[in-house]
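Down below is the structure, laid out as structure tokens.
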Number of protein chains: 2
Amino acid sequence: MNAPALLTSTEENYLKAVFALAQPRIGTNALADRVQTKASSATDMIQRLAEKGLVEYERYRGVGLTPSGRVAAAAVIRRHRLWEVFLAEKLGFGWHEVHDLAEELEHVQSPELIRRLDAFLDTPSYDPHGDPIPRADGTWPTAAGIRLDQVPVGQSFAVAGAADRTDELLDYLHRVGMVPGTEWTLSEIVPFDGTRTVQTRSGRTLDLSALAARHVLVQPHESQTPNA
Amino acid sequence: MNAPALLTSTEENYLKAVFALAQPRIGTNALADRVQTKASSATDMIQRLAEKGLVEYERYRGVGLTPSGRVAAAAVIRRHRLWEVFLAEKLGFGWHEVHDLAEELEHVQSPELIRRLDAFLDTPSYDPHGDPIPRADGTWPTAAGIRLDQVPVGQSFAVAGAADRTDELLDYLHRVGMVPGTEWTLSEIVPFDGTRTVQTRSGRTLDLSALAARHVLVQPHESQTPNA
DNA sequence: CTTTATTTTTAGATTTGTCTAAATTTGAAT
DNA sequence: ATTCAAATTTAGACAAATCTAAAAATAAAG
Ligand SMILES: [Mn+2]
Ligand SMILES: [Mn+2]
Ligand SMILES: [Mn+2]
Ligand SMILES: [Mn+2]
């Protein structure tokens, strides 16, 4: 049971990609796509990770994480998301800007650094995108919320996160002010196309397409049933 | 006048080493020593940096920085020392622990990150070791202080830094409480061997060898000439 | 001035991560 | 069953960074 050998930044990036995409396995092309490389390179790396016991790999059949691979991936994701919280909360970056920076910071190797960063940030459970931050013991907080398209009319809620990390989505939500922590009430659902109208306490209203609503995660408040 | 091409972590580490050691030139062995590698590897890297115009290199004659090499080195040192301040001030690391972590963090490439980190730390002028932090415009604050062995008896002062970064020195000073920001008065110099006795306002005294005194940088207060 | 010791550079090999192009395998469609 | 297209793997090459061992230049002694 020797301590897990240190991984390179590249290996860590591949592990995260396998974690994100494997259900329970993922093919070489999709993986290569995710880590911005070619399928042949992905095959190479997968074979090396398989020898280290981090992924289980069967030729032509795809790749998945082993238990120890899952542990390693969770550690990287923990670092990534803690840095994202730091960048957003302490340095004032927008949620659409933090990912690329965290992608580099996550590879700085030091358990003590992460312990102290975690404490400095008051042990957050979710990152600025609403994604759960694995705990130091490897367990995961439960998902941050439900999708806005599943909220009934009249319900008020706080924005908890976004369902994916594309720049288009994050920039849009940032621009219209639907960022984590803001408070809204769903005032209408247009039957024709599912468009949602939401409003702030101060009365500002905003229309969201059904597609957009499907990509916003929210935390509903206890329902103040309008009239009993 | 294209923007300076991005440098690898390794190139940045070599540049810092040349900056630290070249006065005005440094040999391959000393350089290799500093970056923990072999002379042959250092030669390779130097030749590549020379082609990029960052060092001036003459075979068998040693290597020094060009003006643009000095600019690049200052930028790396700025990042390194800002991260050191962050680690010490915000995360509570001791001054003897911050260097190795900063050695990694300094390579994260993002001008905006450094701008915001600098502001978050209130634009510090010195790092936890008392070394000056190059400003965003590339200029340098003046040195933090004078050596303790040059302070006269009766003089009070604040510890500003250490004259080198060896673990032995930093651990020792940390253990006896002579860390940056602490206040002392020099009460005696033993004529025989130059031992210094210093004391805190609360009366705690501490003896420092002449050797140790030579490695502590201090900021003297205006002299309260004991009796006019 | 020669010889010797030191420093520095080259030559050749290795590891990591990547690429293109060619060869295999798989799975789906006739 | 054949044929075909897509996915995947191999083969071979390359750049970055490193190493060891051998060659070359410089500096120091004699
Ligand atoms: Mn990354
Ligand atoms: Mn995130
Ligand atoms: Mn470094
Ligand atoms: Mn320092």
Side-chain angles (χ1 to χ4, degrees), chain A residues 4-18 20-65 69 72-73 76 103-104 106-109, chain B residues 4-18 21-65 69 72 76 103-104 106-109:
Chain A
L6 286 202
L7 302 173
T8 66
S9 298
T10 313
E11 288 173 324
E12 291 189 335
N13 287 337
Y14 273 96
L15 277 185
K16 278 201 312 174
V18 176
L21 301 175
Q23 322 175 10
R25 297 170 100 88
I26 177 66
T28 318
N29 273 326
L31 183 56
D33 225 64
R34 177 84 167 207
V35 300
Q36 308 250 59
T37 185
K38 296 300 159 69
S40 55
S41 304
T43 302
D44 272 3
M45 174 86 322
I46 283 164
Q47 290 173 343
R48 241 176 301 144
L49 290 175
E51 275 172 29
K52 294 193 181 188
L54 295 164
V55 301
E56 54 188 8
Y57 167 61
E58 210 174 335
R59 272 161 69 229
Y60 292 99
R61 283 281 122 87
V63 61
L65 290 176
V76 183
E103 198 59 49
E104 293 192 56
E106 69 187 356
H107 303 297
V108 174
Q109 301 280 0
Chain B
L6 286 203
L7 302 173
T8 66
S9 299
T10 313
E11 289 173 322
E12 291 189 335
N13 287 337
Y14 273 94
L15 276 185
K16 278 202 310 173
V18 176
L21 301 175
Q23 322 174 9
R25 298 171 98 87
I26 177 66
T28 319
N29 273 325
L31 183 57
D33 226 64
R34 176 83 167 211
V35 300
Q36 309 250 60
T37 183
K38 296 300 160 67
S40 55
S41 304
T43 302
D44 272 4
M45 178 52 69
I46 283 164
Q47 291 174 343
R48 238 175 306 141
L49 291 176
E51 273 172 31
K52 294 195 181 189
L54 295 165
V55 301
E56 53 189 6
Y57 167 60
E58 210 174 335
R59 272 163 69 226
Y60 292 101
R61 281 286 121 84
V63 61
L65 290 177
V76 184
E103 199 60 49
E104 293 193 57
E106 69 186 357
H107 303 296
V108 174
Q109 301 280 1

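Proteins come first, then strands; the chains are lettered A, B, ... in the order of their sequence lines, and each starts at number 1.
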> Hey, does Val76(B) have a side-chain heavy atom less than 4.5 Å from the side chain of Asn13(B)?
Replying inline: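 No, side chains not in contact.
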
> Nearest nucleotide by nearest heavy atom, which residue falls closer to the 5' end of DNA chain C, Ser9(A) or Tyr57(B)?
Replying inline: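 Nearest-nucleotide comparison on DNA chain C picks Tyr57(B).
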
Between [X] and [N], is there a side-chain N or O to OP1/OP2 distance below 4.0 Å?
| X | N | answer |
| --- | --- | --- |
| Arg61(A) | dG27(C) | yes |
| Asn29(B) | dT8(C) | yes |
| Arg48(B) | dA15(D) | no |

[N] [atom2] sits how many Å from [X] [atom1], rounded?
| X | N | atom1 | atom2 | value |
| --- | --- | --- | --- | --- |
| Glu12(B) | dA16(D) | CD | P | 16 Å |
| Asp44(B) | dG12(C) | CG | P | 14 Å |
| Gln47(B) | dA11(C) | CD | P | 11 Å |
| Glu51(B) | dA16(D) | CD | P | 10 Å |
| Tyr14(A) | dT16(C) | OH | P | 14 Å |
| Asp33(A) | dT8(D) | CG | C1' | 15 Å |
| Glu58(B) | dT26(D) | CD | C1' | 13 Å |
| Tyr60(B) | dT9(C) | OH | P | 7 Å |

Separation between [atom1] of [X] and [atom2] of [Y], rounded to the nearest 0.5 Å:
| X | Y | atom1 | atom2 | value |
| --- | --- | --- | --- | --- |
| His107(A) | His107(B) | NE2 | NE2 | 14.5 Å |
| Arg59(A) | Thr43(A) | CZ | OG1 | 11.0 Å |
| Tyr57(A) | Thr28(A) | OH | OG1 | 6.0 Å |
| Leu31(B) | Arg25(B) | CG | CZ | 13.0 Å |

>> So if I take every side-chain heavy atom of Ala39(A) and compare against dT20(D), dT18(C), dT9(D), which nucleotide ends up nearest?
In response: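 Nucleotide nearest to Ala39(A)'s side chain: dT9(D).
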
> How is Ser41(A) classified with respect to the nucleic acid when contacts are heavy atoms under 4.0 Å: base, sugar-phosphate, or nothing?
Replying inline: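 It contacts base atoms.
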
>> Regarding Thr37(A), tell me which of base, sugar-phosphate or nothing describes its non-hydrogen contacts under 4.0 Å with the strands shown.
In response: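 Counting heavy atoms under 4.0 Å across all strands, the contact made by Thr37(A) is with sugar-phosphate only.
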
> Has the side chain of Ser40(A) got a donor or acceptor that lies under 3.5 Å from a partner of the other kind on the base of dT8(D)?
Replying inline: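 No, no donor-acceptor pair under 3.5 Å.
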
